Amino acid sequence: MATEAHHYYVPNPSPYPFILSTGLLLMTSGFIFNINHYAPGVWMMLLGFLCVLYVLYGWFGRIIGESEGGAYSKWEDRSFRIGMIVFISSEVAFFAAFFGALFFMRRIAIPELASFDHDFTMYKSFTDAWPSAGPGGVVLGHAYEVPKFTPMSAWGIPAINTLILLTSGATVTWAHWGLLKNNRQQLIIGLFLTVALGIAFLCLQAFEYHHAYTEMGLTLGTGAYGATFFMLTGFHGFHVTLGTIMLIVILMRSMKGHFTSDHHFAFEGVAWYWHFVDVVWLLLFVLVYWL
Amino acid sequence: MATTIPIQDVHNEHHADNHPDHHPTGWMRWVMSTNHKDIGTLYLWFSFGMFLFAGALAMLIRAELFQPGLQFFQPNVFNQLTTMHGLIMIFGAIMPAFVGFANWQIPLMIGAPDMAFPRLNNWSFWLLPMAGLLLIGAFFVPGGAMAGGWTMYPPLFIQGGPSYDMTIFAIHIMGISSIMGSINIITTILNMRAPGMTLMKMPMFVWTWLITAFLLISAMPVLASAVTMLLMDRHFGTSFFNAAGGGDPVMYQHIFWFFGHPEVYIMILPAFGILSTIIPTFSRKPLFGYRSMVYATVVLASLAFIVWAHHMFTVGMPIASQLFFMYATMLIAVPTGVKVFNWTATMWKGSISFETPMLFAIAVVCLFTIGGFSGLVLAIVPVDIQLQDTYYVVAHFHYVLFSGAAMSIMGGIYYWLPKWTGHMYDERLGKIHFWLTAIAFNVTFFPMHFLGLAGMPRRIPDYALQFANFNMIVSLGAFVLGASQLLFLYTVIKCIRSGAVAGNRPWEGAETLEWTLPSPPPYHSFETAPVIK
């Protein structure tokens, strides 16, 4: 609640939000052109992406400038914190829907497909087992042959990735302790390690995807298993990518001497996001890879 | 008590013009705005434009259904009309209108200088026209607009042309807009209240929006996931909704309605907030049962997440699920009943006057209650199996969404227009608009109950001869209803251009903070926070 004596910081009019919206429109309509095989799609996407990059650079640059220029007091800081918590909650809801789809397919859709009376079902030899790519049949006029595939094992790269992400959660907290103690060296080393672990995770994940596509016969088209596996791990990987980029920005700002022990929301916001991505991975490891 | 904030002159003349910052004029003022009032105005005009567009689609639907047989449109075009009418009314007209109210009113009602994140606020708005372009542009691509129904069920949705992809991304963009708007609203309410305004002293409208914003935060990402799965099934070979690959089209319905039912409350809770503001003002009594009103809103929002499958009783669920969702749905009547009771009790022995906003509010209480009752009828599984996808359902949701949400929006606009513009609207025109709308609404939608009970299916361009008389009445009512909204537009424009000067507080029963400011309020609403005792 507003108890502070000073005025809340209300920024001047800004062109960035409009350009960002235009960029998103260009990117999405370019993508739509692309998947429907119209030629200019790629160029529209590129132009839209440039708009988005320009805005990210300009808008965040602006906010960093305001923050370092002392525009934000504890009051604005609390707004950022509440806003970030609400944003992460919306991300939780997004992932929850995909986990819900995984649950529904494993526990309801596939058992039901396997449970029909033998005399009436077209899926006679289909049994209730997971991982499953479905009983096969006709999809939108094309025959869908059940692909042969090897399911992803939990105790190889995924287990290593779990260790990597858990360690990165520890290093980012260690960096935070450094910031609180005004130990800049600890802050920078901690952040650097976190970024390195994030990149290592992404590289292993890319290797795993490559392996799945080329040698295990596991693709997006591998029925229920392939769809849930790639969508859940894919969106998680996308979030790790975003988190790593955010961490790199925070690392560079730390090296420039930004943040003080009592004024560093950007650091904490990114750390919260990183921990969120970490928790999602633990769920993925248990529910997608392991069980 | 919540709404009895002592009126004091908290505004002093100095700070309206002590900002030397350069503010762009002309159209750049709107493109670059970081001002909650300008952005609120943008939202409201956008919503009004979409309301007229989607309303025009409804007029075409009713023209086709004026008599049996195919008059004007092929079935595929008719499906496009019903689909786009629904999508645009929900995402383009009603939701943005409420966000417009939130933008204008929340900072004014809690004594804040602006929203917590003014630039984010601008982004939330400017995403909407982009999504609108995708939705309306869909009419002009090969194959025409999306025609799979606003619920976008697979497998039909998987088979459509490019406009189906445009719909998916329009929904993504509108989802980002809603989520960013909700982040802003929650943060503003939690962090920007004037000193002394505890949560339980907030005006009811602010409470309803706080809870609505939480609903948006939990529901919109689920819709984003659902349409993402549709996109993957359409173009990237996944099998989320294909039985051949182990998926299930019914799973889409579960995910969609897990979003869809909270969505219904997203469209009605702010309307409840507007009613809870208008009725005390014109009854000249504080809102009856403020606390129970807050709790009822929280209960409604919680129930919203455990009743979704009552939209899909006919898909074949275990009997235990059907019973659970039936009883959970019936429970909704309890908090809703608390609300209707409290509004009635607020009016009881009040010194009531019947200005246009109050007329709308009273009509909403009556008509929304009818919609609530038909909802209870539909909650009963064996009855619902008869009535699923008939005009009874169409009647039901227009009673809650037109006479509930849209008419609350109209009442709210008449109520706050003097504050927003500094001018009074023409009371006589307002009353004519009200009576035309209320009567034409009932002529349009009441007979649909009978049509549905007699078995007329929705989303079909033709019908059996025995439905002809009622359909002609419905169409005539719809044309009057549509035309009278043009009178609404005229009344609003006339108010802005040449209404009488309103003064700070044109409604002497109004007790909330916005009426302590001049009309229209200064650029930064409350530069110095008022102190609430």
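The basis for the numbers below is simple: all heavy atoms, side chains too, and nothing from hydrogens, waters or symmetry mates. Numbers restart at 1 for each chain; the letters A, B, ... are given by sequence-line order, proteins then strands. All values reported here derive from a predicted model rather than from experimental measurement.
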Given the options [options], which has more heavy-atom pairs under 4.5 Å with chain B than any of the others?
{"options": "A:Val138, A:Thr22, A:Ile35", "answer": "A:Ile35"}
{"options": "A:Ala101, A:Ala114, A:Pro11, A:Ser29", "answer": "A:Pro11"}
{"options": "A:Ser132, A:Gly136, A:Ser89", "answer": "A:Gly136"}

Just by distance, do the side chain of B:Ser225 and the backbone of A:Phe94 share a donor-acceptor pair under 3.5 Å? yes

Of the backbone (N, CA, C, O) and the side chain (C-beta and beyond), which part of [X] lies under 4.5 Å from a heavy atom of chain A, both, or neither?
{"X": "B:Ile179", "value": "side chain"}
{"X": "B:Ile255", "value": "side chain"}
{"X": "B:Leu231", "value": "side chain"}
{"X": "B:Phe169", "value": "side chain"}
{"X": "B:Asn242", "value": "side chain"}
{"X": "B:Met115", "value": "backbone"}

What are the two closest heavy atoms between B:Met232 and A:Leu220, and how far apart are they? CE-CD1, 3.6 Å

So which atom in A:Val10 and which in B:Pro113 form the shortest heavy-atom distance, rounded to 0.1 Å? CG2-CB, 4.5 Å

Part of residues 42-52 of chain A lying next to chain B, heavy-atom separation under 4.5 Å: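 Under the 4.5 Å heavy-atom cut-off, nothing qualifies.
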
Do the ring planes of B:His254 and A:Phe104 sit parallel (below 30°), tilted (30 to 60°) or perpendicular (above 60°)?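 Tilted, since the angle between the ring planes falls between 30° and 60°.
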
Could you go through residues 154-161 of chain B and list every donor-acceptor pair under 3.5 Å that involves a side-chain atom there, pairing it with any protein atom two or more places apart or in another chain?
none

